[in-house]
Every structure is written in C-alpha cells, then in structure tokens.
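Because the structure is a prediction, the values reported are computed rather than measured. Values below: all heavy atoms of this structure, side chains included; hydrogens, waters and symmetry mates excluded.
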Amino acid sequence: MTESLAGQIEKVTFLNDETGFSIVMLKVDGKREAVTACGHLNAPSVGEIVDLTGDFKRHPRFGLQFEVATCSSRPPETENGLTKYLGSGLIKGVGPVLAKRMVDAFGQDVLNVLDTDPGRMAEVRGLGPVRRERVIEAWRSTAGIKQLLSFLSAFNLGPSLAVKILKKYGSEAEEIIRKDPYTLAYEISGVGFLTADKVATHLNFAPDCPQRLEAGLIYCLDEAVRDGHDFLPSGELIGAAKKLIPEATTAALELALSNIALTGRAMAEKRDEPGQMDVYPPETHRAENWVAKCLASILKAPFSASVPRPIKALAWSETTLGHELSDEQREAVIMAITEKCSIITGGPGTGKTTMTKAVCGIWKQVTAKLALVAPTGRAAKRLSQATGFEATTIHRLLQYVPSDGGFIHGPNNRLDLDMILVDEASMIDVLLMNQLLGALPSRVCLILIGDQDQLPPVGPGRVLPDMLASGLIPSKKLTKIYRQAERSCIVQAAHMINDGLSPAEMDRNPDADFFFVEEENPTGIIDKIVRLVCDRIPKKLGINPKTDVMVLSPTKKGELGTVNLNAQLGKALNPFFAPTIVRYGQTFRVNDRVMQVRNNYTKEVYNGDLGRVSDIDMENQELRVQFDDHKVNYDFSELDELSVAWASTVHKAQGSEFPAVVIPIHPSHHIMLRRKLIYTAVTRGRQMVLLVGSPAALLTAVKNNREDRRHSNLDRLLVQAINSGQ
C-alpha cells in the first residue's frame, strides 16, 4: 500500500551520480528514530525537506527502509536548517562557515535574496566581489540542475549528467531533449544511444522513427571506431543496426544511412562490390585520407638536410658510442639516414635503443632541427633517458592552445624540422598520426620505431601495419637478441610468447626477473597479487609499491578485472581515513593513484597519464591530481576523465614501462586470452614481471595468435596518393 512521508534530510548516506539513486536519513515529525529512505531523490541535500510517496519494506541486510516512488523537495524553513542546507556542498564555493554568514545576514529570507536580489550578497561579511559572483552563478546553476533533475529522474539520469546537460544547453535543456532526445547521444559525454533511447521511449517516440534509426547507425559506427576500425562496410553497418533496432527494416535503415551521409554525419566511399560502400565517421575519413597524402608528400620531396657520407658517418657513430653494431643494426642506421621515411621494428633486447642512439647522434651532427617524440609522457621520458637527447610527447610538440581549441602547429603553421624520430609507433592511431603529419614539412626525414608484435593502438586504425603493407616505405626488423638481454628472463619470456611457447616452465634461479606463480582459484590469485604488490616485490627490489608496481589485467570487469583489483589493492595500499568523493561509480580518495582515460588538451593531460590525488576540496567541488610535472584541478563533474589505477588494463598501459609488473591470468579472461595481449603486458616490466594464475590459461593465450582485422584503407590510399601525383 502506497504511503506518504515528509521529513528533513539529516544525512545523505549514498548517491549514485549517474542514475540519481540515493539513500538518505530523514528526520520525521512524530518519530524518534531517523527513517532510511532510498530511491531517486533528485540530488538530495542535507537540510532539505522532502515529500515522498512509496512503501516501507524490510531489507534482509539493512532492515526497514522507505522505498521511494515519487519525490518532491522544498528548502528548509528554519535558520539552522538553512545553514545546513547551504553549507552541505549544494552550492560550489559555499561551505559551513560562509553558509552561516549568509543566514546571519538575511535570516529565513536568504534563499529569496539569492533568487530575486543576488546583488545584496555584498552585505555578507567576508564575501568579496569575485567570490560573490561565483557563489551567485553557482546558485543559479544549482537551481537549474534541481529543475532539470525533476525532468530527468523519470529516465534514471542522475546529477552528474544533469550538470553536463545544463552546461551544454542551459535553460533550453528540457526543450531540446523533448524535441530530439537522441541529441544527448551525439553531444553529451557519458550518454550513449541506449540511454537516449530510453528517454525517447518515455517521450513516446516511435520505435522506427527516423531520429532513432539515424542515431542507431551513428552509434554502431562509433562503436566500430571504439573497436579500432576506421570505417564499416555498409552491409556490416546495416546488420549491426538491425541487431540494435529489431523493429527497423533494411530499406528504412538504408534510407537513414543515405540521410546521415547527405547531412555530413557520415562519409560513404564506394567499394568494388556493387551496392556496397565504406561508411566512415567524418573524423576518421579526413584523418585516413590526410595521412596518406602527407606520407606521399614526404616520400616524394627531397631532403632539406642529408647525411653526405653515410658509411663514414656510421663508422664515426660506432666510435663515438664505443659499441660495434651488428650487421642488421648497421643496415637500419644507413636506412634511417638515407631514406626520407623509414620504419624500424623489433622486440625487446634486439638493440633498438642502441640503433636509435646512433641515428640521433649522426643526425645531430648534420642539423640542429630534429625532434624525438613518443605518444605518451612515459614513453617520451624513457626515450630521452635512453638516447641522451631531449624527447617530448606528440601533443606537446604540436602545442595545444585552449583558447583556440586547436594546435599551434598544423597544415597552416608547420614545424621547422629536418628530422623527426617517432618511438612506440605501433601505439599511434590514425587520428594522432593525422595531427602529427599535418604539422610536418614535406622536406622532413621521418623515422618510425616500434614493435609490430604489440597490441594495436587503443584508437582507430592500423597505421604502422598499413604503412608496412603498402610496400612503399623502407623497413627493417631487428631480430638478434643481444648478450646482455639474453640474461633477462623477461626478454626470454617475451620471445617465447611471440613464438607461441608458454614461459610457465622456464628454467630460472631465485635472482631471475620473471616468475610464474601458479594459482587456479580467483580469490587465491587476488590474495597472492596483494601480497606481492604490497610486500614481497617492494622488499626484493627496494621500490615503492604505490608508484613502482603496476597490476595489468586483460579485462575491466569480473573478479580478476581492474575494477575489483583496484578495490582490493586500494584497501591495502591506501587504507587510512582520507577525504573521499564518489562519482561515476568510482570512489576517489586522497593519495589514490589515478589514470587519465581521455585526452584533455586544455589541462595538458593525456590518455594513460598517471598521477596521485593530492587533495579533495568539497567546498569548491574540486579534486586535484599531481602528475609528474604539474598539478591539475578537476571539477567533480569532470571525474569521468579519471580512473583509479592501482591496476590497469593492458591496453591502457601501452607505451608505459614500470619497474615491476604483476599480471593475473585465468580462464575467466576467455576472449582476451591472446598472444599479443600477454606479450604486451610482459614487455611493460623493466626489473621484474610476475604472472599469477592458471598455466592452462597462459598456454591458451600464447597459442591464440588470432587478430581481429581492423577495417582500414590507409595502405591502399597511400598507393593511390603516390600514383596519382598528389
């Protein structure tokens, strides 16, 4: 039987910012004990009065609770209640002290002053003009969020998304959503097609309406890009959309596809097969074509600076290095100093670093206009340490300007370079390669170094394999393992994996740097990992477990995925009481290690960067992260850009290297048990690597050399660009 309940919120016990689900403690007139209420309460705040309908039900663990069906709220009426309400974190920049001053100044009329005459906030003691404007703007935003949440709560969309939607659309948010809810999927980070589709269903949009079919096609195309494709053949795209929207006919989807192509939301290129097209998002279409044209331009243009006597330069380099190069290293060096564009690949221990030193030393004697770059900050730092030359990330080389929303260097302002060497080239997706090549002059000598046996880039495309497949770019693969590297069990294990052999049975001594720890039970695997990370590895190597040990899992989900591993490791590595904030399903605490999970050019932090939470400011609703060389502030609404990172997926760790790496491996990882993934994980460790888990799962992984073929046309486009004279 439905009941009504009214009370004042004394405590917000739980709030899921994504769905809006809340648990609160209510002070209810006539009841001595606080009442627990749970449900969608529209961003509840301490001190707020709520009028609820619902039912009392007994939870098997938490006892009697009021399950909320509907909720309406109103501000408190007493001065004490208003102080709690305003100081609860409701308004960004207002804490308990300022809230009391505001109530002291205006009493029970404080909310009316904020609404109708905010200029009177100047009367509040200690509230200067700059902070005053911030408080007034924050109050307006809060009021807007409350109003928008009352609309969004029917769709189970919570406060975090309400903030993003309000920032994007302002006061017109509800009107825009009612007109076309699929706009949310296109323009709001964190809202995909499935969420927008639920909103559309609630708003009575027809199952086969054009907006739904077009949004479904774009969603399937975006999902393909997230899986690494530059495009999808039209038949595959239509098939994926039919699975997503069973009500749609093939004819209706083909019409919708024509419409998104006509309006520029997708680009369609004809294929050889009659009636088939390659369908691209505009961004990857531009990038793939531009990369091909830029590479063709570099290959055709003459050197601006060249090495006049390559053989003599090579001899000078060996003397300078004090190290005699192998025949294949010499061939690689000669290629890198005589060809306009070249690719050098090789696994661990094959002498890429020595060869790179030689190439850079020779080019430095010829010209000062050279650059060394890598896709990530860690990879750039490692390149600099290995070669003795300054290296930077591609993003920093191009110099992003937040006010302009773009890079300083590009097609209209090219870099002044004669040579550029790009390390970890296997990580570079077509979008980043487009940005880099668009900023290079055609006269430049371009040298790419990488390991083609590692995982493909996280982003779309297969740039390095396509460049090799084109047959137009000189390349050399280093294969010889050098004596010093031969002594490393990590190097031996990596090459065994590459050869399809399990390193579980390797002969090794107690001083080895690679170990396999057998354990079949997932709980036992977690227990062993926690002990290894927190105690045994730090003691053996004399390193800091909070900064120098990384756990790499094949997956995010499951008992042995990064989400659960981060929770277990966090308890052990950061167990002390610290300020905490929960956003987007994650709990962040001061001193947590975190990872940036998408590029943010404005903040100058990029996908894969690691940092430490240094402060959580509840009053200003900001979390601060200390990265290697700078500190970054995040508004609470931006915390979907971060992930707790005591453990990481192998994909996210590409280009990084850690003193020690621990890798769980178990049959539950099933579809992720692949050779390239295990090989990439093992080669992330510098001083020690430990695999913990099932020998059978490891054998399955090393035997599985299947690679999902990505849809890409770069090799074909490069050949066309060379032959067309462009």
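Side-chain atoms of T53 and S4 include no donor-acceptor pair closer than 3.5 Å. Under the 3.5 Å distance criterion, with hydrogens and angles disregarded, no donor-acceptor pair is assigned to the side chains of E175 and Y169. Side-chain atoms of Y186 and E214 form no donor-acceptor pair, as typed in the model, at a separation below 3.5 Å. Judged by distance alone, the side chains of N574 and D592 do bring a donor and an acceptor atom under 3.5 Å apart. H651 and T649 form no side-chain donor-acceptor contact under 3.5 Å, judged by distance and modelled atom types alone.
A donor-acceptor contact shorter than 3.5 Å links the side chain of R593 to the backbone of W646. With hydrogens and angles ignored, the 3.5 Å screen pairs a side-chain donor or acceptor of Q586 with a backbone N or O of V644. Not a single donor-acceptor pair under 3.5 Å links the side chain of R531 to the backbone N or O of I526. Here the side chain of D548 pairs a donor or acceptor atom with the backbone of N544 at under 3.5 angstrom. A donor-acceptor pair under 3.5 Å links the side-chain atoms of Q8 to the main chain of G47, judged by distance alone. The closest donor-acceptor contact from the side chain of R265 to the backbone of I218 lies at 3.5 Å or more, if one exists at all. Checked by atom type and distance alone, the side chain of N521 pairs as donor or acceptor with a backbone atom of T523 at under 3.5 Å. H202 places a side-chain N or O within 3.5 Å of a backbone atom of K198 that can act as its donor or acceptor partner. Distance alone, capped at 3.5 Å, places no donor-acceptor pair between the S643 side chain and the A645 backbone. Between the T83 side chain and the E79 main chain, a donor and an acceptor come within less than 3.5 Å of each other.
Within the model, atoms SG of C534 and CG of L569 stand 6.5 Å from one another, a figure rounded to the nearest 0.5 Å. In this structure, H40 NE2 and S22 OG are separated by 7.5 Å, a value rounded to the nearest 0.5 Å. Atom OG1 of T195 and atom CZ of F193 lie 10.5 Å apart (nearest 0.5 Å). Note that OG1 of T183 and NZ of K168 are 10.5 Å apart. Values are rounded to the nearest 0.5 Å. Atom CG of L552 sits about 11.0 Å away from atom CD of Q654, to the nearest 0.5 Å. Note: E622 CD to D615 CG = 9.0 Å, rounded to the nearest 0.5 Å.
Taking a cutoff of 4.0 Å between a charged side-chain nitrogen and a carboxylate oxygen, K528 and E519 qualify as a salt bridge. The pair D609-R598 does not meet the salt-bridge criterion, since no charged nitrogen lies less than 4.0 angstrom from a carboxylate oxygen. Ion pairing of D197 with R212 is present here, as a side-chain N (NZ or NE/NH1/NH2) and a carboxylate O approach within less than 4.0 Å. Using a cut-off of 4.0 Å between Lys/Arg side-chain N and Asp/Glu carboxylate O, K603 and E638 are scored as salt-bridged. At a threshold of 4.0 Å, the pair D617-R624 counts as salt-bridged, since one of the basic side-chain nitrogens sits closer than that to a carboxylate oxygen. Here D104 does not pair with R125 in a salt bridge; the nearest charged N to carboxylate O distance is not below 4.0 Å. Salt-bridge formation is detected for the pair E174/R178: a Lys NZ or Arg NE/NH1/NH2 atom is positioned less than 4.0 Å from an Asp or Glu carboxylate oxygen. Ion pair D635/K92 flagged as a salt bridge, since at least one NZ, NE, NH1 or NH2 atom sits closer than 4.0 Å to an Asp/Glu carboxylate oxygen. Salt-bridge check for R134 with E137: failed, with every basic side-chain N at 4.0 Å or more from each acidic carboxylate O.
Two residues are said to be in side-chain contact when any heavy atoms from C-beta on lie closer than 4.5 Å; M121 and V113 meet this criterion. Side-chain atoms of L623 and F588, non-hydrogen and from C-beta on, do get closer than 4.5 Å to each other. A 4.5 Å side-chain heavy-atom check between M25 and T13 finds at least one atom pair inside the cut-off. Considering only heavy atoms from C-beta on, I136 comes within 4.5 Å of E133 through its side chain. Side chains of L573 and P545 form a contact here, defined as non-hydrogen atoms less than 4.5 Å apart. Side-chain contact between L26 and E10: absent, with no pair of heavy atoms (C-beta onward) separated by less than 4.5 Å. Using a 4.5 Å heavy-atom threshold, the side chains of P76 and K84 count as separate. Under the 4.5 Å side-chain criterion, counting only non-hydrogen atoms from C-beta, V46 is not in contact with K11.
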E641 and N600: CA distance, side-chain angles, deciding distance, side chain to side chain donor-acceptor pair (under 3.5 Å) verdict:
CA-CA 8 Å; E641 293 188 14; N600 188 318; 3.0 Å; yes
Does the side chain to side chain contact (heavy atoms under 4.5 Å, CB included) test come out yes or no for V605 and F627, once each step is laid out?
CA-CA 9 Å; V605 284; F627 290 97; 3.4 Å; yes
Test side chain to side chain contact (heavy atoms under 4.5 Å, CB included) on D628 and L610 and set out the steps.
CA-CA 8 Å; D628 283 343; L610 288 171; over 6 Å; no
Between Q596 and Y634, does the side chain to side chain donor-acceptor pair (under 3.5 Å) criterion hold? Intermediate values first, please.
CA-CA 11 Å; Q596 178 77 15; Y634 293 83; 2.6 Å; yes
Checking side chain to side chain contact (heavy atoms under 4.5 Å, CB included) for the pair V199/Y182: CA distance, chi angles, key distance, verdict?
CA-CA 8 Å; V199 176; Y182 295 102; over 6 Å; no
Side chain to side chain contact (heavy atoms under 4.5 Å, CB included) between M618 and I581, worked out:
CA-CA 8 Å; M618 300 301 292; I581 182 68; 4.2 Å; yes
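When all heavy atoms of N566 and A647 are compared, the pair lying nearest together is OD1-N, 2.7 Å. Nearest approach of V661 to A681, heavy atoms of both residues: CG1-O, 4.0 Å. Closest non-hydrogen pair, L677 versus V650, comes out as O-CG1, 3.6 Å. What you find for I245 and P207 is that their closest heavy atoms are CG2-O, 4.0 Å. Heavy-atom minimum distance, H229 versus P460: O-CB, 3.5 Å. Nearest approach of C220 to L244, heavy atoms of both residues: SG-CD2, 4.0 Å.
The 12-atom threshold is exceeded at NZ of K546, counting heavy atoms of other residues, nucleotides or ligands nearer than 6.0 Å. For N112, the CG atom sits in a packed shell: over 12 heavy atoms of surrounding residues, nucleotides or ligands are nearer than 6.0 Å.
The side-chain contact (heavy atoms from CB on, under 4.5 Å) with V551 is formed by just one residue from the set I663, T562, V662, V530; it is V662.
Evaluation of the ring-ring contact (aromatic ring centres under 6.0 Å, His included) test over residues 589-622, restricted to residues two or more places apart or in two chains, returns H395-Y601, H395-Y606, Y400-Y601, F407-Y601, Y601-Y606.
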